[in-house]
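Convention: sequence-line order gives letters A, B, ...; per-chain numbering from 1.
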Protein chains: 2
Amino acid sequence: MEITQETDYAVRCILYLSRYAGETPIMIETISEEMRIPRSFLAKILQRLAKAGIVQSFRGVKGGFQLKRPPSAISLLDVVEAIEGPVAMNRCTIDPQRCDLSGACTVHPVWQTLQALVVDYLGKTTFDTMMQCRK
Amino acid sequence: MEITQETDYAVRCILYLSRYAGETPIMIETISEEMRIPRSFLAKILQRLAKAGIVQSFRGVKGGFQLKRPPSAISLLDVVEAIEGPVAMNRCTIDPQRCDLSGACTVHPVWQTLQALVVDYLGKTTFDTMMQCRK
DNA sequence: CCTTTCAGGATAATATCAGTCCTGTATAAT
DNA sequence: ATTATACAGGACTGATATTATCCTGAAAGG
């Protein structure tokens, strides 16, 4: 039921980049030190965030990472899903085939409703509202 | 972000026992076969549910398990927490010391609100409303 | 062309998950 | 009392996920 450490790092990372939105790229090294995230692990995380189109990378001298969209256009859901894949409460809400007992299941809609609740809340929580955070 | 297989089994198990609330105890063997849950794993799960006061065990011939309360008094939250411990979205919402960056964090309250949302929903969803389920 | 910085794959330690197995203990029936 | 039955509880195991690290390669800029 918990997000992983990796997701928590990703959120911190985007939070940090939000402070410098519209400025020059920030190096992995800097984010790592400021946000207390292991350097090489952060590199992996930023790759995922780049593939998800949340950040953009620049190589070479003066390289680093920038947000690809303004903080107001990035939700917690975007970041969580970039790292963990689709949010699901139970196996069966993402892959109906994992429901191995036949017939209509009244627990299934309960998980789906909960999932919708979570997705909705994470989706409407954006990084501009969290920017004053120093975590 | 997902519940574990064990929790899913536990929910199915309580769902099955709900059908026979107020009747004679049901053997592990029977629940296992009817609900397609590995027998010895189910034994472990029922031990946890018993310790949490959700089911009651009876030994010897004619032994087995019964709900300790009516299905209307057992919530999904009760079962989830019996298996997984307290529901938390992030490490820091259950143990503030895991928040290794100093100062006020504006992401923290977001996880807490989400957690409260989930706990509230799971808490008000009881097994009497899910009993017609055949999962 | 050479330094810097990211890209991406291989590797590894540890934890958690999912489950089995065996011995022991309580209970009911004989 | 004895015995068969059914749960109690701990030890153990294999697979997978988590949480990283390290190394080689590629792009970009001076």
Side-chain angles (χ1 to χ4, degrees), chain A residues 1-13 17 24-33 35-68 80 82-86 88 90-91 94 98 100, chain B residues 1-13 17 24-33 35-68 80 82-85 88 90-91 94-95 98 100:
Chain A
M1 198 68 96
E2 270 176 42
I3 60 164
T4 63
Q5 179 76 60
E6 190 177 1
T7 304
D8 187 56
Y9 286 158
V11 171
R12 284 195 224 170
C13 173
L17 290 179
T24 59
I26 315 280
M27 287 194 302
I28 289 177
E29 190 67 30
T30 308
I31 306 172
S32 163
E33 283 167 6
M35 286 297 167
R36 314 271 174 90
I37 304 170
R39 206 212 107 101
S40 50
F41 196 24
L42 177 60
K44 279 268 131 50
I45 292 167
L46 278 161
Q47 274 181 43
R48 282 168 181 260
L49 292 171
K51 275 188 182 157
I54 296 170
V55 302
Q56 186 166 10
S57 73
F58 299 89
R59 292 187 181 189
V61 184
K62 298 257 175 189
F65 290 85
Q66 267 184 342
L67 295 186
K68 217 173 172 183
V80 169
I83 304 296
E84 304 193 356
N90 200 350
R91 292 150 177 72
I94 192 124
R98 304 283 313 239
D100 53 350
Chain B
M1 196 68 96
E2 269 176 43
I3 59 165
T4 63
Q5 180 75 60
E6 190 178 0
T7 303
D8 187 57
Y9 287 157
V11 171
R12 285 195 224 169
C13 173
L17 290 179
T24 59
I26 316 280
M27 286 195 302
I28 289 177
E29 191 67 32
T30 308
I31 306 172
S32 162
E33 284 167 5
M35 286 296 164
R36 314 269 175 90
I37 303 170
R39 205 211 107 102
S40 48
F41 197 24
L42 177 58
K44 276 271 132 52
I45 292 167
L46 278 161
Q47 273 181 44
R48 282 166 181 262
L49 293 171
K51 275 187 183 160
I54 297 170
V55 302
Q56 185 165 12
S57 74
F58 299 90
R59 291 189 180 189
V61 186
K62 298 256 176 190
F65 289 85
Q66 269 184 341
L67 295 187
K68 216 172 171 182
V80 170
I83 304 297
E84 305 193 354
N90 199 350
R91 293 152 175 71
I94 192 123
D95 176 13
R98 305 282 314 238
D100 53 351

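Protein chain B contacts DNA chain C from C:dC17 to C:dA28, reading 5' to 3' and using non-hydrogen atoms of the protein with a distance under 4.0 Å. Read 5' to 3', the first and last nucleotides of DNA chain D with an atom closer than 4.0 Å to a heavy atom of chain B are D:dT5 to D:dT19.
Here B:Thr7 pairs with B:Thr4, B:Glu84 under the side-chain hydrogen bond (donor to acceptor under 3.5 Å, both in side chains) rule; sequence neighbours left out. Every side-chain contact (heavy atoms from CB on, under 4.5 Å) that B:Glu2 has, sequence neighbours left out, goes to A:Ala88, A:Arg91. The salt bridge (charged side-chain N to carboxylate O under 4.0 Å, His left out) search around B:Arg39 returns B:Glu29, not counting sequence neighbours.
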Atom pairs and distances, side-chain donor-acceptor, residues 40-49 of chain B, under 3.5 Å, sequence neighbours left out:
residue, atom, partner, partner atom, Å
B:Arg48, NE, B:Glu6, OE2, 3.3
B:Arg48, NH1, B:Ile83, O, 3.0

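Put simply, the side chain of A:Met1 reaches to within 4.5 Å of the side chain of B:Ile3, judged on heavy atoms.
Between atom CD1 of residue A:Ile31 and atom CD1 of residue A:Ile37 there is a gap of 7.5 Å, rounded to the nearest 0.5 Å. Interatomic distance, CD of A:Gln5 versus CG of B:Asn90, reported as 8.0 Å (0.5 Å rounding). Between atom CG of residue A:Asp8 and atom CE of residue A:Met35 there is a gap of 11.0 Å, rounded to the nearest 0.5 Å. In this structure, CD in B:Gln66 is found 8.0 Å from CD1 in B:Ile26, a value given to the nearest 0.5 Å.
Of the two residues near DNA chain D, B:Val61 and A:Thr4, the one whose nearest nucleotide lies more 5' is B:Val61. Comparing A:Gly63 and B:Arg59 against DNA chain C, the residue whose closest nucleotide sits nearer the 5' end is A:Gly63.
When atom types are taken as modelled, the side chain of A:Ser57 and the backbone of A:Phe65 share no donor-acceptor pair closer than 3.5 angstrom.
Residue contacts shown for A:Glu6 are limited to sugar-phosphate atoms, with no base heavy atom under 4.0 Å away.
A heavy atom lying under 4.0 Å from DNA chain C marks the following residues of residues 38-55 of chain B, by number: B:Pro38, B:Ser40, B:Phe41, B:Lys44.
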